[in-house]
Protein chains: 2
Amino acid sequence: MKATSAISRHASQDRQASLISSAANLFAAKGFKGTTTKEIAKAAGVSEALVFKYFPTKRALYTAILAEKAPLSELLSAVEEFARKRDDHRVFTLIASYRIRPGADPTMLRLLLFSALEGHELADMFFGKQHRVFYDYLAGYIQTRIDEGAFHAIDPLLAAHAFIGMVVHHRLLHEIFDVPLHCSHKDIVSTYVELFLKGLQPSSTDKKRGLTRVR
Amino acid sequence: MKATSAISRHASQDRQASLISSAANLFAAKGFKGTTTKEIAKAAGVSEALVFKYFPTKRALYTAILAEKAPLSELLSAVEEFARKRDDHRVFTLIASYRIRPGADPTMLRLLLFSALEGHELADMFFGKQHRVFYDYLAGYIQTRIDEGAFHAIDPLLAAHAFIGMVVHHRLLHEIFDVPLHCSHKDIVSTYVELFLKGLQPSSTDKKRGLTRVR
DNA sequence: GTCCGGTAAGTGAGTGATTACTCACCCCAG
DNA sequence: CTGGGGTGAGTAATCACTCACTTACCGGAC
């Protein structure tokens, strides 16, 4: 009551943020169409009318969620450090451990999938502009290792897809389809990394021929 | 008009089937909540009221879609033939080529994902009872190859997840996220199969020790 | 202090459109 | 003339969104 002006000087921003996070959770849980503005308001503890004071439409609230989500930059810079050292295991372990964010946040995978399925622009913005960079980066790293002869000749983008596919699929099974993990996360990561790196080992014929197919 | 009674003696069954397929397409495209009964009726070329003559509720129509979808048995028996011959390449190529059905039908992946996200029982029935058998089968095959010393010691279920993950992820990117394929389907399959099989090759230490970890 | 006025935060009670679903009725083959 | 396939015109509920309105808070004028 008294300290209101000091503590919540930016009350409107707080409201906006809490609306966004409430909405993100609900959209992730039940989809855009499956979530009502009344529910969002209730979850944020305000009246439905107020939602429309902050966001002109339900859709605007939806797209606003985007701005809240962190980019991949932190992960990429961490990965780059190991990449510079040509430490394959660390590079891929790191990537697998981060489990191909959206933010390691379990709601983001659902949100992303819902967006893609429902055909919203969110999927394009999120996946197209942020996530796809990641695949390209990984493919680039694999390409340089191929050039160095550390990996055998393979389509690097396909290899990147394969690795991320293994990890993401596991996350998908676990988080979306409720398949229980039958071993620890650490075991999963190390098994996948080893399997993948072994699959990329240069074959004897490659070494002989010095083959490095470029895409 | 004239031959109606002869040709469509089972008019009601035809109607039912066309309603189911129309509904399946729409649910796959826009989700359960995103599809209206009016749209379904229009797509099937009947009045909205008729929909409710055949199915008591929208949800009943949804669950009825299940019965229409073929089980995995054909794929499994084809795979089993190669499995008996211990022809790893053929086994995995076949699996990858079938692209981990639902029926090679592109709508089924969307339908399955929507179901899982929206939390319908369809996901449980479809994935739980049909699809999961497939993972277990694959894991079983991998286990026997490990026992024979053809593959190195690895958690077989994890390996099965990894392989199917690679393929499904690719399908996901392509069909759900509209990522263009940058090489032919055949190339993708053979690359993935080779990568995977190479990753499973027994290491020299395994051979020496005759290691076959069982889960 | 206190009174004023302007402004932003917040709401209850709607609005028209859309939803899943119903019902009285029609049509026509047997 | 009867019964099943088929429909137009509803209905109550719910939806996203609006509006008239109250309350709370602020900086000054006196």
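Within every chain, numbering begins at 1; the chains are lettered A, B, ... in the order of the sequence lines, protein sequences first and strands thereafter.
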Undergrad: Can a side chain N or O of A:R15 be found less than 4.0 Å away from OP1 or OP2 on C:dG10?
TA: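 So the side-chain polar atoms of A:R15 do come within 4.0 Å of the phosphate oxygens OP1 or OP2 of C:dG10, strictly under.
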
Undergrad: Indicate every side-chain donor-acceptor pair of residues 31-38 of chain B with a distance under 3.5 Å to a residue at least two apart or in another chain.
TA:
| unit_1 | atom_1 | unit_2 | atom_2 | d |
| --- | --- | --- | --- | --- |
| B:T35 | OG1 | B:L26 | O | 3.2 |
| B:T35 | OG1 | B:G31 | O | 2.8 |
| B:T36 | OG1 | B:E39 | N | 3.1 |
| B:T36 | OG1 | B:E39 | OE1 | 3.4 |
| B:T37 | OG1 | B:E48 | OE2 | 2.7 |

Undergrad: Centroid-to-centroid, B:H170 to A:H161, below 6.0 Å?
TA: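 Yes, the ring centres sit under 6.0 Å apart.
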
Undergrad: Starting from P on D:dA16, measure out to CG on A:L19 and report it in whole angstrom.
TA: 14 Å

Undergrad: Kindly indicate whether the side chain of B:F134, heavy atoms from C-beta on, has any atom under 4.5 Å from the side chain of B:I95.
TA: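 Contact flag for B:F134/B:I95 side chains = yes.
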
Undergrad: Please round to the nearest 0.5 Å and tell me the distance separating atom OG of B:S190 and atom CG of A:L158.
TA: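 Those atoms lie 8.5 Å apart.
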
Undergrad: If you look at every heavy atom in A:I142 and A:A159, which pair is closest and at what distance?
TA: CD1-CB, 3.9 Å

Undergrad: Is the closest side-chain heavy-atom distance between B:T144 and B:Y141 below 4.5 Å?
TA: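 Yes, at least one pair of side-chain atoms sits under 4.5 Å.
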
Undergrad: CD1 of A:I154 to CG of B:L195: how many Å apart, nearest 0.5 Å?
TA: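 Between A:I154 CD1 and B:L195 CG, I get 4.5 Å after rounding to 0.5 Å.
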
Undergrad: Does anything in residues 32-41 of chain A come within less than 4.0 Å of DNA chain D? Heavy atoms only, and list the residues if so.
TA: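 Heavy-atom cutoff 4.0 Å gives A:T35, A:T36, A:T37.
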
Undergrad: Rounded off to whole Å, could you give me the CG-to-P distance for the B:L61 and C:dT19 pair?
TA: 16 Å

Undergrad: Less than 4.0 angstrom between a side-chain N/O of B:Y54 and OP1 or OP2 of D:dG5, yes or no?
TA: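 No, B:Y54 has no side-chain N/O under 4.0 Å of OP1/OP2 on D:dG5.
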
Undergrad: Could you identify which residues of residues 42-53 of chain A place a heavy atom less than 4.0 Å from some atom of DNA chain C, listed by residue number, or say none?
TA: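 Correct list: A:V46, A:S47, A:A49, A:L50, A:K53.
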
Undergrad: So do the side chains of A:T57 and A:F52 get within less than 4.5 Å of each other, counting heavy atoms only?
TA: no

